[in-house]
*Asks:* 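Okay, here's the structure, questions in a sec.
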Amino acid sequence: MSEKPARTRYAPSPTGSPHVGNLRTALFSYLLARHTGGQFLLRVEDTDQTRLVPGALQDIIASLRALGLDYDEGPDRASVARVDAAKYGTVDPALLPEEGGAYGPYFQSQRLDRYREVVDTLLDAGKAYYAFETKEELEAMRAAAQMRGEPFLYNRRYRDLPLAEARKRVEDGAPHVVRLKMPTEGPIRTYDALRGETVWDATTQDDFIILKADGFPPYHLAAMVDDHDMEITHVLRGEEWLSSSPKHFCLLQALGWEIPVFLHVPYVLGADGKKLSKRNGAKPVVGVIKDPKTGEDIPGYVDHDGVLPEALFNHLALVGWSPGEDLEIMPKEELIARFDANRISRSPGIFDLDKLYATNGVYLRALAPEDFARRALPYLAKAGLVPEDADDAAVQYAADVLALEQERLKTLAEAPQATEFFFRDLPEYVEKSANKWLKPQGAAEYLSDLGAALVDASPWDAQTIESVTREVGARHGRERGDITHPVRVAVSGREAGPSLFDMMAVLGRERVLARLRRAVEIARA
RNA sequence: GGCCCGUUCGUCUAGUGGCCUAGGAUGCCUCCCUUUCAAGGAGGAGAUCACGGGUUCGAAUCCCGUACGGGCUACCA
């Protein structure tokens, strides 16, 4: 790929929330634009007004924001305001730029005049024609062909009808569409940046519709016009568009326009190797959560099991692309610096959650403790462990707790489960653990003595707690694990967790003493 | 059915004719570290490079075919 500034775009239709597959295409486009110092645009392909899903637009914009794929040009407050909120839903204005860019509007539904203009030029030049079959008639023709076991191609009935005559019928109110005159024979050559040239036989191609009966253009026309008008240099899109390439190349040629670089990105599949769906991990990546404390947006929060956006970004970039070296952990800036669209894979990849979580663990551990706490806190709040209106002391306590778990978590979503016992009055004792460490002879006495010794241990820090505990343990003839394990279970209810003495230090004297008392009860029961 | 695209460890991938007895990561297993769990460190198992033919002194890499998977074949994108 040339290193000239590339203008790329992500052009979803607002028919649902984007999933990681869509966003990976957006991410590659973004990376290419940033790598070359070009621009990344967002364009909304809303030419099929019947399939609009309210809220999808908000999800698209929020997802891009969450992942850190900021667009240089795209929907702004004014253009979103013009859109019918009943059909599109509303968009949080905070997510929208004031000024969308010089090539707008970035909603196809707001560019209808331009499409008509282009279609008219094609009509005038004799490169397109009006056709008067209705949808029903076409369906009947298709069904008939299928009955005969023949592939269906439109019969081009109106291709040679004189334009003046056709215009007259149109003026008389005849329902109509406009079709492009495709070559009827010979090879059609298309190019894909990853696959090179593909040669198609013109006889397999249809005179496809470039203007629907409702006056809206279909994708084939709208996308090509917009990509041209918006000076898009590299069209990265899903592999499903590969077989429409002949349409696009012929249209562009009929218009005499420069053909951008087309690059068809392979699919991202679910863990089961099937197309992504809600069942196999294609959760929408909708982001931006409110900080329960300040009420501010925490930008970049990604609702994907508590995966950090920077980790998702990193992981997604490596599904279908690699820098060619044994490098895996690369933050955004490095990804931008190293990205090379030519190295995008041609074969589909599976979105592997295990690997995502591993990457996430690396990012989690690399976070400054305060930052980690800030990002994890909303999860504790959501689980009801920290009140929404927590005071400073409670927030500080939660932060201290989280600091102990930082290197153990793979996702933020695990935080409530991992830290729950810190926030309850008493932990839930895991029966198996209690049986193993609290029930045996001598445990009750040991824990009770330890409680007594801890009453005025001072200062209350990990070091002091450790020496007191070891001393009491030694007095009871215990060593190593026999000293720590009963205490661990007594204090947390379970056998696994953070370093024992740090944990006790954070819990505080009152909680520790109460839990030791409870453990003694259990031991004696 | 027709046309098109794809196929390297379970998974993500490196590999563009000899450096490949195929490298890294993840997951799994073992050991070390250690108060537990993680993390970290050291190892291990795991890919006859979909299959079959060619081309070549030499192929995962080039060519052909087959199989399998996928896409398109809409007045959806």
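Letters A, B, ... are given to chains in the order of the sequence lines, protein chains preceding strands, and every chain is numbered from 1. Just so you know, these numbers use all the heavy atoms, side chains as well, and skip hydrogens, waters and symmetry mates.
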*Asks:* At less than 4.0 Å, is any side-chain N or O atom of S347(A) found next to OP1 or OP2 of C5(B)? Yes or no.
*Replies:* no
*Asks:* Identify which nucleotide among U35(B), A38(B), G71(B) has an atom closest to any side-chain atom of R470(A), counting heavy atoms from C-beta outward.
*Replies:* U35(B)
*Asks:* Whether S13(A) contacts C76(B) is assessed here as follows: a side-chain N or O lying under 4.0 Å from the phosphate OP1 or OP2. Is that the case?
*Replies:* no
*Asks:* Would you say C76(B) has OP1 or OP2 under 4.0 Å from some side-chain N or O of K212(A)?
*Replies:* yes
*Asks:* Between G24(B) and K355(A), is there an OP1 or OP2 to side-chain N/O distance shorter than 4.0 Å?
*Replies:* no
*Asks:* Would one find a side-chain N or O of R142(A) under 4.0 angstrom from OP1 or OP2 of C75(B)?
*Replies:* yes
*Asks:* Please state whether the phosphate of U35(B), meaning OP1 or OP2, lies under 4.0 angstrom from any side-chain nitrogen or oxygen of S499(A).
*Replies:* no
*Asks:* For C62(B), which nucleotide in any strand shown is its Watson-Crick or wobble partner with both distances under 3.5 Å?
*Replies:* G54(B)
*Asks:* Can you check whether R343(A) has a side-chain N or O nearer than 4.0 Å to OP1 or OP2 of G15(B)?
*Replies:* yes
*Asks:* Ignoring backbone atoms, test whether R148(A) places a side-chain nitrogen or oxygen under 4.0 Å from the OP1 or OP2 oxygen of G1(B).
*Replies:* no
*Asks:* Going by the angle between their ring planes, with limits at 30° and 60°, are Y158(A) and F132(A) parallel, tilted or perpendicular?
*Replies:* perpendicular
*Asks:* How close or far is atom C1' of A25(B) from atom CD1 of I329(A), stated in whole angstroms?
*Replies:* 9 Å
*Asks:* Is the Lys NZ or Arg CZ of K247(A) less than 6.0 Å from the centre of F208(A)'s six-membered ring, within 45° of the axis?
*Replies:* yes
